Amino acid sequence: MAQSIRFMVVALIPLKIIITEEDYNQFDEKYELIRAQLLSIFIHNPITFLGYGIGDENIKSLLKTIFTYVEPNSEDAERIRNNFLLVEYENGSMSHEISAHDIDLHGFSTIRINKLKTDDFKEIYKSLSNLSLPVSAMDIRKVQSIVKDIYSGASDDGTSIKVNITEDIDALSNSDKILVIGSAKSISYEHKNSSSFNSEYFDIVEESNHNLIKLIDNINISVQQWFPIYAFDTIYRDLRKAATLKEQQARKINDYLASQPATVETKHTTLQEIFDDEGVTRPNELNAIMWSTWNDKISLDEVESFLKTMPDKKGTGYRRLLCVYDYKRYSA
C-alpha cells in the first residue's frame, strides 16, 4: 500500500471527548475554531478513517465542513483528496486496491475520495510502521535539547550523559537519545516567491531565520501583493525593501477596510462571537475578524492561533488577515 496513514487520538479530558449525540450537537454549534484546525490537519497530513462506512454521517459532515471552506477545484482540494483514505471493513476480503469513490453531498457538487474495502488490516498496520515522515519543528527542538544535554554532560534529571558512536542502529533501544550530525555545507535556503513567506510566516519568525529573511530583497513583490513585512524587519534590520513594503502594507490595509460594508464593524471581542453572529455572512467573517483586529477589539493571541489553523495559507483572505496581525503585533 502506497498510502500514508495517520491516527487521530482524543486527549483524556472528559469534558472535551465527543461520544454522545449531545456531544456531537454541541461540537457542531460551538467549535468553529476546532473545525478550522481539523481543516489544516486534512490539508497538510495523510488521514485514514478505519471501519467507517461510506454513508456514515460523521464522514459526510467532515467533508461538508472541509469543502465549505475549500474550493472544490483548488490545489488544497486536490491535496485533501490525495491525503484522504476511507477504509471499509469487508468480511473475508484481502484486497489492497485503493479506488476513487464519488460521494454526493446535499448542497455540494460530487466529491471524490479514496476508498479501500478489506479485511486485511494487518497490511494497513504494516504500512503504518513503514512510514517515512518529514522532520517537524518539534523534532528539531528535541535535537536542540539533546545537543544541550551532551554539551552540559548531564540530563535534566541530573544523571550523567555517556556518548557512544555506533553504526548499528538495531542495537539501540527506544530510550536512547540519538543524534545524527551532517555537514552545514549541505544546507541551503531558497524562497523563489513571496507566497512562501506568507505560508511559513510563523515558522520563520519563531526561528528568527535571518538567512531566509535576507532573501526578501531578492524576490519580486508587486504593489498588488499582500506581504507582512513588519515582523521580518524586526528580526533583520538591513532589508533594503523594508520601508517600501511597510508603506505598501499599511496602505493596502486601510484601502481594503475602507471598502467594506458596515456589517463587518462589530463590537465582538472574540472570534467565536463573530462566527455566531447571524448578521455577519460567511463570506464576510474574515473581513469582520480583520476589522476587529485592526481596531483592537480582539486579542492578537487569539488571531494568531486562528491564522495558524487556517487551511488555505495561500489564499487572499489569509494573507490580508496576516498583514493586519503583523502590523498590529510588530509595528510599535
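Bear in mind that the values here come from a model prediction, so they are computed numbers and not experimental data.
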[X] vs [Y] side-chain heavy atoms within contact, under 4.5 Å:
X    : Y    : value
W291 : I274 : no
L245 : I221 : yes
K115 : L85  : no

| request: Please report the C-alpha distance between H268 and D277 in whole Å, then the side-chain angles of each, then the deciding distance to 0.1 Å, and finally whether the side chain to side chain contact (heavy atoms under 4.5 Å, CB included) criterion is met. | output: CA-CA 9 Å; H268 301 312; D277 188 340; 2.7 Å; yes
Give, for atom [atom1] of [X] and atom [atom2] of [Y], the distance between the pair rounded to the nearest 0.5 Å.
X    : Y    : atom1 : atom2 : answer
L300 : Y325 : CG    : OH    : 6.5 Å
T316 : W226 : OG1   : CH2   : 9.5 Å
F197 : D203 : CZ    : CG    : 12.5 Å
I235 : E207 : CD1   : CD    : 10.0 Å
I113 : N83  : CD1   : CG    : 13.0 Å
R320 : N198 : CZ    : CG    : 12.5 Å

| message | Is a donor from one side chain sitting under 3.5 angstrom from an acceptor on the other, for D120 and H96? | response | yes
Which pair of non-hydrogen atoms, one from [X] and one from [Y], has the smallest distance, and what is that distance?
X    : Y    : value
K313 : M310 : NZ-O, 2.6 Å
G92  : D119 : N-OD2, 3.0 Å
D76  : P311 : OD2-O, 4.1 Å
L239 : I213 : CD2-O, 3.3 Å
T118 : S95  : OG1-O, 2.9 Å
L286 : G317 : CD1-CA, 3.9 Å

| Checking side chain to side chain contact (heavy atoms under 4.5 Å, CB included) for the pair V324/Y256: CA distance, chi angles, key distance, verdict? | CA-CA 11 Å; V324 171; Y256 184 78; over 6 Å; no
| query | Please walk me through it: do K328 and D296 pass side chain to side chain contact (heavy atoms under 4.5 Å, CB included)? | reply | CA-CA 8 Å; K328 300 301 288 189; D296 303 316; 3.0 Å; yes
| field | For S195, side chain to side chain contact (heavy atoms under 4.5 Å, CB included) partners two or more places apart | value |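 Partners of S195 under the side chain to side chain contact (heavy atoms under 4.5 Å, CB included) test: N193, K314.
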| request: State which residues pass side chain to side chain contact (heavy atoms under 4.5 Å, CB included) with P261; sequence neighbours excluded, sorted by chain then number. | output: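 T263, V264, N284.
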| query | Looking at residues at least two apart in the chain, or sitting in another chain, which of them share a side-chain hydrogen bond (donor to acceptor under 3.5 Å, both in side chains) with K297? | reply |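 None.
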Please list, chain by chain and in numerical order, all residues satisfying salt bridge (charged side-chain N to carboxylate O under 4.0 Å, His left out) with [X], sequence neighbours excluded.
X    : value
K241 : none
E90  : K117
E265 : none

| task | Quickly, which of T293, I298, D276 forms a side chain to side chain contact (heavy atoms under 4.5 Å, CB included) with L271? Name it, please. | result | I298
Set of ring-ring contact (aromatic ring centres under 6.0 Å, His included) partners for [X], sequence neighbours left out:
X    : result
Y201 : F232
W294 : Y327
Y330 : none

| task | Apply side chain to side chain contact (heavy atoms under 4.5 Å, CB included) to the pair T266 and V280, showing each step before the final yes or no. | result | CA-CA 9 Å; T266 72; V280 179; 3.9 Å; yes
| query | Can you list the steps and then say if N114 with H101 is a side-chain hydrogen bond (donor to acceptor under 3.5 Å, both in side chains)? | reply | CA-CA 6 Å; N114 297 313; H101 185 86; over 6 Å; no
| query | Should D301 and R329 count as an ion pair when the cut-off is N to O under 4.0 Å? | reply |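 Answer for the salt bridge query: yes.
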| What pairs meet the salt bridge (Lys or Arg N to Asp or Glu O under 4.0 Å) rule with one or both residues in residues 210-231, with sequence neighbours excluded? |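 Pairs touching residues 210-231 that pass the test: D217-R240.
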| How would you list all residue pairs meeting side-chain hydrogen bond (donor to acceptor under 3.5 Å, both in side chains) that involve residues 230-239, not counting sequence neighbours? |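 Matches after skipping sequence neighbours: D233-R237, D233-K246.
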For residues 247-255, which side-chain donor-acceptor pairs fall under 3.5 Å, sequence neighbours excluded?
unit_1 : atom_1 : unit_2 : atom_2 : d
Q248   : NE2    : S222   : O      : 3.0
Q248   : NE2    : Q225   : O      : 3.0
Q249   : OE1    : I229   : N      : 2.9
Q249   : NE2    : C323   : O      : 2.8
Q249   : NE2    : D326   : OD2    : 3.1
K252   : NZ     : Q224   : O      : 3.1
N254   : ND2    : A250   : O      : 3.0

